[in-house]
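Both counts, for ligands and for their atoms, begin at 1 and track the order of listing.
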Amino acid sequence: MHKKLFIPGPTEVLPEVLAAQTKPMIGHRMKEASELGTSVINKLKKVLDTDQQVIVWTASGSLIMEASIRNSVKKGVLNTICGAFSERWHKMAKANGLPCGAIEVEWGKAITPEMVDAELATGKYDVLCLTHNETSTGVMNPTDAIAEMVRERYPDVLILVDAVSSLTGARINVDKYDVVLTSTQKCVALPPGLSFCTVSDRFLERAKTIEHRGFYTDFLQMKKYIDERGGQTPSTPNLALYNALDFQLDRMLAEGMENRYKRHSDMAERTRSWAKEHFDLFPEQGYESETVTVIANTKGISVADLNKALAERGMALANGYGKKLKEKTFRIAHMGDLQMKDIDELLATIDEILGH
Ligand SMILES: Cc1ncc(COP(=O)(O)O)c(C=O)c1O
């Protein structure tokens with residue numbers, strides 16, 4: 001039996017979106033590939049409300065994270081750790097031998113402009129990495145406020161934002177940042193396998209001054225192919241998923257982005273009020289995510305058993321992330337193409353299982 005996915009990725013994919021992948025194959029150097037690539041990039045600019053360059057990568061979002069630090073860090077990168085995914089930025093910087101430092105808060109807490117200011121003041125950094133929506137803790141960081149402070153006080157520091165579990169589900173003013181990235185298997189509600197990002201001109205200028213940008217991870221090569229070959233990519237892209245993305249972007253534009261953000265925030269509100277009635281919220285108050293609610297398991301229920309019972313009824317939620325949060329929290333994602341009626345159905349089913 002298919003389990004409807006209330007996990008924070010991969011998310012439910014509608015049958016008609018899945019079907020859009022089955023169009024006949026084309027050659028990746030044919031004019032049809034240029035048309036498809038260009039169409040996707042132009043629609044993404046509309047969806048993200050930007051004139052910045054958009055780049056689509058055949059990889060999951062982690063690849064863009066790695067590419068963006070490789071293409072920008074010279075002096076040092078400041079990482080802002082508040083959970084498992086923000087920690088990934090730091091691990092990547094180390095794995096690439098890049099000079100790096102980190103500030104770290106207790107899981108469940110948010111990163112604030114003051115914390116970032118205090119560390120950037122050391123003068124050790126030319127790149128700052130942020131995580132908009134920390135999927136392991138359900139914290140949505142105040143990235144706009146952080147960016148405003150950085151632009152004013154440290155204008156040469158580039159700002160890279162992991163928005164893997166929020167972009168297209170919550171409004172992000174991408175023009176405030178140098179890179180904002182996401183993967184297709186979260187709020188975009190496609191199968192995994194593609195990721196995309198916005199990129200600023202000054203990021204591309206910085207990249208020109210960096211000798212070893214990697215091969216698959218080279219932003220400048222990606223940009224060159226878009227410009228010179230009309231929306232193509234240096235390596236063979238996942239054309240089947242491009243077709244589904246093109247189709248899904250039309251659906252998003254038809255829904256309207258404001259409506260889409262409102263639908264996400266209404267589902268978040270509903271989930272939070274249910275959680276407060278029966279359990280508690282895990283994130284620090286005021287920083288709760290609009291796309292995934294992390295619930296503190298104050299009643300000590302077995303989350304594994306709850307998920308087994310849900311599976312028998314055709315649904316799945318997510319246990320807490322990793323050793324630290326498993327069974328102590330559980331996560332309900334309300335992202336992508338889920339509707340309020342899906343959330344209502346899930347919460348009513350949990351109530352029935354737990355005898356609320
Ligand atoms: C906030 C965040 N960043 C990064 C990732 C990694 O993304 P991907 O699996 O697409 O590489 C995830 C995946 O869950 C995530 O939630």
Side-chain angles (χ1 to χ4, degrees), residues 5-13 55-70 77 79-93 95-96 102 104-105 107-111 128-143 146 159-170 172 174 177 179-198 216-217 237-238 241 244-245 264 268 282-283 287-294 316-322 324-326 329-336:
L5 299 175
F6 294 90
I7 62 174
T11 50
E12 272 305 288
V13 184
I55 302 181
V56 182
W57 308 70
T58 291
S60 79
S62 299
L63 188 276
I64 310 186
M65 293 170 71
E66 194 150 14
S68 61
I69 51 174
R70 286 198 68 133
V77 52
N79 297 307
T80 49
I81 305 175
C82 59
F85 293 103
S86 39
E87 192 173 28
R88 184 173 290 194
W89 277 123
H90 200 46
K91 287 184 179 164
M92 281 180 176
N96 282 281
E104 189 160 4
V105 294
W107 286 30
K109 299 265 187 291
I111 302 290
L128 167 68
C129 288
L130 300 173
T131 305
H132 180 244
N133 191 61
E134 178 44 85
T135 321
S136 62
T137 63
V139 164
M140 208 162 235
N141 284 301
T143 48
I146 296 171
I159 310 171
L160 317 181
V161 184
D162 165 357
V164 165
S165 57
S166 50
L167 198 63
T168 76
I172 301 178
V174 295
Y177 310 98
V179 169
V180 180
L181 68 105
T182 195
S183 320
T184 46
Q185 77 276 10
K186 311 268 182 186
C187 297
V188 183
L190 287 178
L194 289 180
S195 49
F196 55 83
C197 65
T198 54
Y216 201 80
T217 49
N238 187 335
L241 260 180
L245 177 56
H264 279 78
F282 181 70
Y287 297 100
E288 299 90 348
S289 166
E290 297 281 89
T291 56
V292 57
T293 295
V294 178
L317 51 67
N319 208 320
Y321 190 93
K324 265 194 203 172
L325 295 182
K326 199 170 177 177
T329 64
F330 59 99
R331 297 174 295 161
I332 297 178
H334 24 79
M335 56 172 84

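- Atoms of ligand 1 found under 4.0 Å from any heavy atom of G61, numbered from 1 in the order shown, are 8 (P), 10 (O), 11 (O).
- When D162, L181, T184, T135 are checked for heavy-atom proximity to atom 16 (O) of ligand 1, T135 turns out nearest.
- Under a 3.5 Å cut-off, the side chain of W89 and the backbone N or O of L130 do form a donor-acceptor pair.
- H90 contributes atom NE2, which lies 5.0 Å from atom CD1 of I81 (distance to the nearest 0.5 angstrom).
- Contacts between S183 and ligand 1, counted as non-hydrogen atom pairs separated by less than 4.0 Å, involve the side chain only.
- Looking only at heavy atoms of the protein, atom 9 (O) of ligand 1 is closest to Q185 NE2, 3.6 Å.
- Contacts with ligand 1 closer than 4.0 Å are made by side-chain heavy atoms of R88 only, the backbone lying farther away.
- With hydrogens left out, the protein atom closest to atom 8 (P) of ligand 1 is S60 OG, 3.4 Å, a heavy atom.
- Looking at E87 and W107, their side chains come closer than 4.5 Å, going by heavy atoms from C-beta outward.
- Taken to the nearest 0.5 Å, the CD atom of E288 stands 11.5 Å off from the CG atom of N133.
- With ligand atoms numbered from 1 in the order given, ligand 1 contributes 1 (C) to contacts under 4.0 Å with heavy atoms of N133.
- Interatomic distance, N141 CG to I111 CD1, rounded to the nearest 0.5 Å: 5.5 Å.
- Residue K186 places a heavy atom less than 4.0 Å from ligand 1.
- Sorted by first then second residue, the side-chain hydrogen bond (donor to acceptor under 3.5 Å, both in side chains) pairs that include residues 185-197, not counting sequence neighbours, number zero.
- Contacts of L63 with ligand 1, taken as heavy-atom pairs under 4.0 Å, are absent altogether.
- Checking side-chain atoms of D162 against main-chain N and O of V164 turns up a donor-acceptor pair under 3.5 Å.
- At distances below 3.5 Å, at least one donor-acceptor pair connects side-chain atoms of T80 with backbone N or O atoms of C129.
- Nearest protein heavy-atom neighbour of atom 5 (C) of ligand 1: F85 CD2, 3.6 Å.
- Taking every non-hydrogen atom of S62 and a distance limit under 4.0 Å, the qualifying atoms of ligand 1 come out as 6 (C), 7 (O), 8 (P), 11 (O).
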